[in-house]
Amino acid sequence: MGLLLKPVTPSFAAEASGVDLRSLDDAAVRAIDEAMDKYAVLFFRGQPLTQAEQVALARKFGPLDSGLRKATGAPTRFQHDELIDIGNVALDGEVAESSDQKLIGQLANQLWHSDSSFQDLPVKYSMLSAVTVPPNGGDTEWCDLRAAWDELPDETKRLVEGRTARHFAFHSRIMLGDDKYNETQLTRFPPVERPLVHVHPGSGRKVLFPSAHIDRVSGMSVPEGRLLVAELLEHATQPKFVYRHTWRAGDYVMWDNRATLHRGRRYDLKLRRDLRRTTTLERFTVSGH
Ligand SMILES: [Fe+2]
């Protein structure tokens, strides 16, 4: 059986089925890539993966990146450096205390962002495998930044087109009061300038690209730029642009960080939540006019 797709919103996101993620052949990888260019978010149900299977699967879609851990230097509980720990499980395998720095650092994932937009080498896909999820809470939401651009008022399009924004790795964390990082950590990823509007390579469509990682906008004072980003986020995350995923163990969700933002939703931190992420690298295309 080949890849089957069932759209779940009018503009993006689809449920995918019909393939075994542990044994994708080249044709299936191509079919998923094509579907990603169209839908930007795909989710598969009932596909639990071992750590090794998850890493092998992700490698089929590009070189892997290990995320912010390169700066924090935090130890991992996984057998593979490329697996990024999402949830509240401590190194000893137990649910972390609410005061645990690892857990505190993850709270910024509840702000709208695109993974690792703060690093020089931009990322392409992120893929999350759900191992254990709480019975309620902890959903993840994605918003469609291509539809958000299409529906942006012309006056705002003129204001943002051609501008760049500065993405800083620790901005969203510091904004939440999580600011106990040393100089070595803070300087590991120097801030990166990115266009506020870019072209999505796979579809040729324009993308509005605000994020919680942005700390200033070119040609504006810091407060003016941050207010603009807040306004753009408000626009891009209207319910009509959002898909909300309620996790089940065994789910596998992949998304295109160049065409979407996402955020985790609040959950009871005492309940075990164990998700594992992999992320592939690719360069952005600079905005066309
Ligand atoms: Fe994320």
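Whatever order the structure lists ligands and atoms in, that order sets their numbers, starting from 1. The analysis underlying the following values was restricted to heavy atoms, covering all of them including side chains, and did not include hydrogens, waters or symmetry mates. None of these values were measured; they are calculated from a predicted model.
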Trainee: Closer than 2.8 Å to the Fe ion (ligand 1), what protein N/O/S atoms do you find?
Mentor: H113 NE2, D115 OD1, H262 NE2

Trainee: Would you kindly say whether R146 and S203 are connected by a side-chain donor-acceptor distance under 3.5 Å?
Mentor: yes

Trainee: Here's one to test your reading of the geometry: is the NZ or CZ of R276 within 45 degrees of the ring axis of F78 and under 6.0 Å from its centre?
Mentor: no

Trainee: Salt bridge or not for D100 and K102, using N-O below 4.0 Å?
Mentor: no

Trainee: Just by distance, do the side chain of N257 and the backbone of D115 share a donor-acceptor pair under 3.5 Å?
Mentor: yes

Trainee: Under 4.0 Å between a side-chain nitrogen and a carboxylate oxygen: does that hold for D139 and R244?
Mentor: yes

Trainee: Kindly assign one of parallel, tilted or perpendicular to the pair W142 and Y243, based on the angle between their ring planes and the thresholds 30° and 60°.
Mentor: parallel

